[in-house]
Student: 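There's a structure below that I have some questions on.
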Amino acid sequence: MPFKALKKEVRELIGKALNELGYPTVDFLVQEPPSLEFGELSSNIAFEIAKKMKRNPYEIASNIASKIMSFEKKLIKEVLVAQPGYLNFRVDKCKYFKTTIHHLLDKPGYSDIGKGKRVIVEHTSVNPNKALHIGHLRNVVIGDVIYRLLKYTNHEVIVLNYIDDSGAQVADIIVGFKFLGFPENPPKPNIKFDQYCGDYVYVKVNQIYSQDPRTENYRKIVLKELENPESEIYKFARNIIEKVLIEQLKTCSELNAYYDCLNFESHIIFSNTWKKIFEQLREKNLISYASEGKNAGCWVYKDESGQEKVIIRSDGTATYIAKDILYAAWKLGLVEDFFNYEKFFVQKNGKVLWRTTLSEGEKDHPTFNNAELAINVIDIRQAWLQSIISEILRKFVGKESDKKYIHLGYEVVSLSRDTAKEIGVEVGDKEFVHMSGRSGMYINADIVLEKLYKLSYDETKKRNPEADEKWLNEVAHSIAVSALRYSLIRQDLGKILVFDLKEALKLEGDTGPYLQYTYARAYNIIEKYGKLPKKVETFDKLVEDEEYILLIELSKISDKIEEATTKLQPNKIAEYAHKLCLYFNTFYEKHQVIHEKDESKREQRILLVYSFTKALKTLMELLGIEAHKRI
RNA sequence: GGGCUCGUAGCUCAGCAUGGAUAGAGCGGCAGCCUCCUAAGCUGUAGGUCGGGGGUUCAAAUCCCCUCGGGCCCGCCA
């Protein structure tokens, strides 16, 4: 972790200097200056002391600098003072490059921030009545990258996918099949079952509801029946849901996202464990009985801003948030494990996918709950409800416990004007349009992937006319996935992602394929050279600006991974990987590696390129993007 | 009505937590670069009232207040 070591050294040097100079101890920052011209690190310490002592910051900085110059230093070479009082530090390049390259050749960017901590990441959780659209994919990709980050930083991670098998959306397609005469099988056999249910049955049923509101009664009937596991409707629905799920999960595995267990909502409801936790909530005074007002007769939770949420209705039944609280408590191991489990199938990555079941299940199963931290990837529209759940859980576990329930919210994906128009949506004067599953206004995930695949296939074939079909398919698919995943992860979670099909089909610039291309380009150098130099102990020949800039950036890899993980900002990884590639390509265009005449310079460059490929591959793996030797 | 959130180049976005040194990328535009490791690349160039106003500060895209514009949430439904 070269950059961190550097920061630490700077802090120590400053601290020691303050001590010897008799300056007061104050808080100060060690940060990256706006440009490498000023050095690799800089500090505002002189401003802070100047404020306190009412003295000139430049003078203070000069004193500290000359003091530090008299100390023995490890990675730091010199300290400079800049107006109006910055303290700028420069590394000993030779030493620092060696540290950095050795780090990258070993375990690039690794840092044990997890220490084996058990974390649940729940994502996807798409209603099992439709195919995934591009909005769902944002959830899948965010969740999956968070999983990968946590895993890499030594957390014990469990990935769950919550299946809402008893809600209105599932009920709607069951209404279609059971009451409105929709055929159980798609009219054409080549239509995916999830697409048939979502694009056709679900949309049409909702159209029928709005034309003839009396038909909505069917939904009520179905919802009621879904509460009874013995009912014919429940058994029928179970079968339909399973078929949809299998198709949905195919889409996810195409995108390299996998799960440990599927947790069915109905199995929480049937577990009848709610009463136990309800008693505890009442004992801890977390919920209260409303004797008057609009919620009279209900048990309610009052949130920190004083808003009330009904937990138990006046007729004694639990609202859906009650079930969410119970489920959250299960995740953190605060209630007994009320699920039974069985194996569902083996996923493409070889991992067994489990699911909860109403039957006895298998005794010998992994533990899926009992986490220290539960991260729930859910779009931002659920923010208020999720904050209530977090609040209740926080109070429930008490201050001394570290157990935590987190809602990782992200903004929705909407359609750009052009793309909305393309699928026949009325846009008016809006800049973008929200998708709606119910009204059929969305872009299907499989279709985008297919389009991307065709594009990448043509492009790859053009570049590799001799290549065989198998390889072409594999690479084209991988490029399509990388383009899609990257476009969904590169943006801050708090911003609406305006999806534009034309934009998404780009394979150049700030995209996943750019990373893959750069990787292949770099790897090609190593392959052409055919061997790795042994035992290079000094990197004194890496004197070019482009090498320096690349190496300094590379040295920050652990810091970036750590930051992305602890702040749950997966977009940081995409941004960093892109920046590294920009720097590498600049270097690549300007300097030769295998044609370099000076042998030791050539070997040092080979190692630089090799360590770059190691770093980039690590980042790509975190993003769920495959690195190919050739594309 | 209450609450949350976004607004930075023509477009898509970084930077805001912890105020600091010339506000950064990509796309698109324009002008260039393949007898040399993959041109899915690179170089140069044009393009900015950081939504607006006020305040705090030696210093504000960043903090505070107001305001305008977009989006979302606020049922004993799920």
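Just so it is clear, the model here is predicted, and its values are computed rather than measured. Here is how names work: the chains are called A, B, and so on, in the same order as the sequence lines, proteins then strands, and each is numbered from 1.
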Student: Select base, sugar-phosphate, or nothing to describe what S414(A) touches, counting heavy atoms under 4.0 Å on all strands.
Tutor: nothing
Student: Does anything in residues 34-44 of chain A pair up under salt bridge (Lys or Arg N to Asp or Glu O under 4.0 Å), and if so which pairs, sequence neighbours excluded?
Tutor: none
Student: Just compare A21(B), C76(B), A40(B) and give me whichever is closest to any side-chain atom of A82(A).
Tutor: A21(B)
Student: Looking only at side-chain atoms of V593(A), point me to the closest of C73(B), G71(B), C37(B).
Tutor: C37(B)
Student: Tell me what L223(A) touches on the nucleic acid: a base, only sugar-phosphate, or nothing, going by heavy atoms under 4.0 Å.
Tutor: nothing
Student: How far, in whole Å, is C50(B) from C72(B) if one measures between their C1' atoms?
Tutor: 24 Å
Student: Which nucleotide, G71(B), C72(B), A40(B), lies nearest any side-chain atom of K430(A)?
Tutor: G71(B)
Student: Contact between N44(A) and E48(A) at the side-chain level, heavy atoms closer than 4.5 Å - yes or no?
Tutor: yes
Student: Hey, does H628(A) reach any base, or is it just sugar-phosphate, or nothing, if we go heavy atoms under 4.0 Å?
Tutor: nothing
Student: For the residue pair Y486(A) and Y514(A), is the inter-centroid distance of their aromatic rings smaller than 6.0 Å?
Tutor: no
Student: Using the test side-chain hydrogen bond (donor to acceptor under 3.5 Å, both in side chains), find all partners of N228(A) that sit at least two apart in sequence or belong to another chain.
Tutor: none
Student: side-chain contact (heavy atoms from CB on, under 4.5 Å) with D468(A): which residues, sequence neighbours excluded?
Tutor: K470(A), W471(A)
Student: Need one value for P33(A): base, sugar-phosphate or nothing, where a base atom within 4.0 Å counts as base even if backbone is also close, heavy atoms only.
Tutor: base
Student: May I ask whether W384(A) stacks on the base of G3(B), given the cut-offs of 5.5 Å between ring centres and 30° between planes?
Tutor: no
Student: For RNA chain B, please output the secondary structure as dot-bracket, reading 5' to 3'. Pairs are Watson-Crick or G-U wobble, both atom distances under 3.5 Å; mark crossing pairs with [ ], other-strand partners with |, unpaired with a dot.
Tutor: (((((((..((((......[...)))).(((((.......))))).....(((((..]....))))))))))))....
Student: By side-chain hydrogen bond (donor to acceptor under 3.5 Å, both in side chains), which residues pair with E78(A), not counting sequence neighbours?
Tutor: none
Student: Roughly how many Å apart are G32(B) and G71(B), using the P atom of each and rounding to a whole number?
Tutor: 44 Å
Student: Which residues satisfy the side-chain hydrogen bond (donor to acceptor under 3.5 Å, both in side chains) test with Y453(A), sequence neighbours excluded?
Tutor: N473(A)
Student: Which is true for A318(A) with a 4.0 Å heavy-atom rule: it touches a base, it touches only sugar-phosphate, or it touches nothing?
Tutor: nothing
Student: Can you sort out which residues in residues 305-313 of chain A have a heavy atom within less than 4.0 Å of RNA chain B? Ascending by number, please.
Tutor: Q307(A), V310(A), R313(A)
Student: Compare the minimum distances between each of C72(B), C37(B), A78(B) and the side chain of H595(A), then state the nucleotide with the smallest one.
Tutor: C37(B)
Student: Students often get this wrong, so: under 4.0 angstrom with heavy atoms, is K294(A) touching a base, only sugar-phosphate, or nothing?
Tutor: base
Student: If the C1' atom of G69(B) is compared with that of G51(B), how far apart are they to the nearest Å?
Tutor: 7 Å
Student: Encode nucleotides 41-48 of chain B as B, S and - characters from 5' to 3', where the letter depends on protein heavy atoms closer than 4.0 Å: B to the base, S only to sugar-phosphate, - to neither.
Tutor: BSS-----
Student: Which nucleotide, C27(B), C76(B), C73(B), lies nearest any side-chain atom of R381(A)?
Tutor: C73(B)
Student: Taking Y576(A) for its side chain and E553(A) for its backbone only, find out whether a donor-acceptor pair lies under 3.5 Å.
Tutor: yes
Student: Ring of Y218(A), cation from K220(A) - is the NZ or CZ under 6.0 Å from the centre and inside 45° of the axis?
Tutor: no
Student: Of all residues at least two apart in sequence or in a different chain, which pass the side-chain contact (heavy atoms from CB on, under 4.5 Å) check with E547(A)?
Tutor: L542(A), E544(A), F587(A), R605(A), L608(A)
Student: Does the pair K560(A)/E563(A) count as a salt bridge with the N-to-O cut at 4.0 Å?
Tutor: no
Student: Might you list the N or O atoms of the protein lying below 3.5 Å from N or O atoms in nucleotides 14-19 of chain B, with each pair's distance?
Tutor:
unit_1: A14(B); atom_1: OP1; unit_2: D492(A); atom_2: N; d: 2.5
unit_1: A14(B); atom_1: OP2; unit_2: K495(A); atom_2: NZ; d: 2.3
unit_1: A14(B); atom_1: O2'; unit_2: E575(A); atom_2: OE1; d: 3.0
unit_1: A14(B); atom_1: O2'; unit_2: E575(A); atom_2: OE2; d: 2.3
unit_1: G15(B); atom_1: OP1; unit_2: K572(A); atom_2: NZ; d: 2.7
unit_1: A17(B); atom_1: N1; unit_2: K567(A); atom_2: NZ; d: 3.2

Student: Measure from the side-chain heavy atoms of E265(A) and tell me the nearest of C27(B), A21(B), A78(B).
Tutor: A78(B)
Student: Does NZ or CZ of R11(A) come closer than 6.0 Å to the centre of the six-membered ring of F28(A), within 45° of the ring's axis?
Tutor: yes
Student: Where the side chain of T319(A) is defined as all heavy atoms beyond and including C-beta, which of G71(B), C76(B), C37(B) is the nearest nucleotide?
Tutor: C76(B)
Student: Give the nucleotide from the list A78(B), C73(B), C37(B) with an atom nearest to the side chain of I525(A).
Tutor: C37(B)
Student: Looking only at the side chain of Q592(A) (C-beta and beyond, no hydrogens), which of the listed nucleotides U22(B), C36(B), C77(B) gets closest?
Tutor: C36(B)
Student: If the condition is side-chain hydrogen bond (donor to acceptor under 3.5 Å, both in side chains), which residues does Y457(A) pass it with, not counting sequence neighbours?
Tutor: E469(A)
Student: Indicate, with yes or no, if the rings of Y588(A) and F612(A) have centres closer together than 6.0 Å.
Tutor: no
Student: Sorted by first residue and then second, give each salt bridge (Lys or Arg N to Asp or Glu O under 4.0 Å) pair with at least one member in residues 307-328 of chain A; sequence neighbours left out.
Tutor: E265(A)-K323(A)
Student: Which way is the base of C73(B) turned, syn or anti, if we draw the line at 90° from 0?
Tutor: anti
Student: Below the 4.0 Å mark, does C72(B) have OP1 or OP2 next to a side-chain nitrogen or oxygen of H434(A)?
Tutor: yes
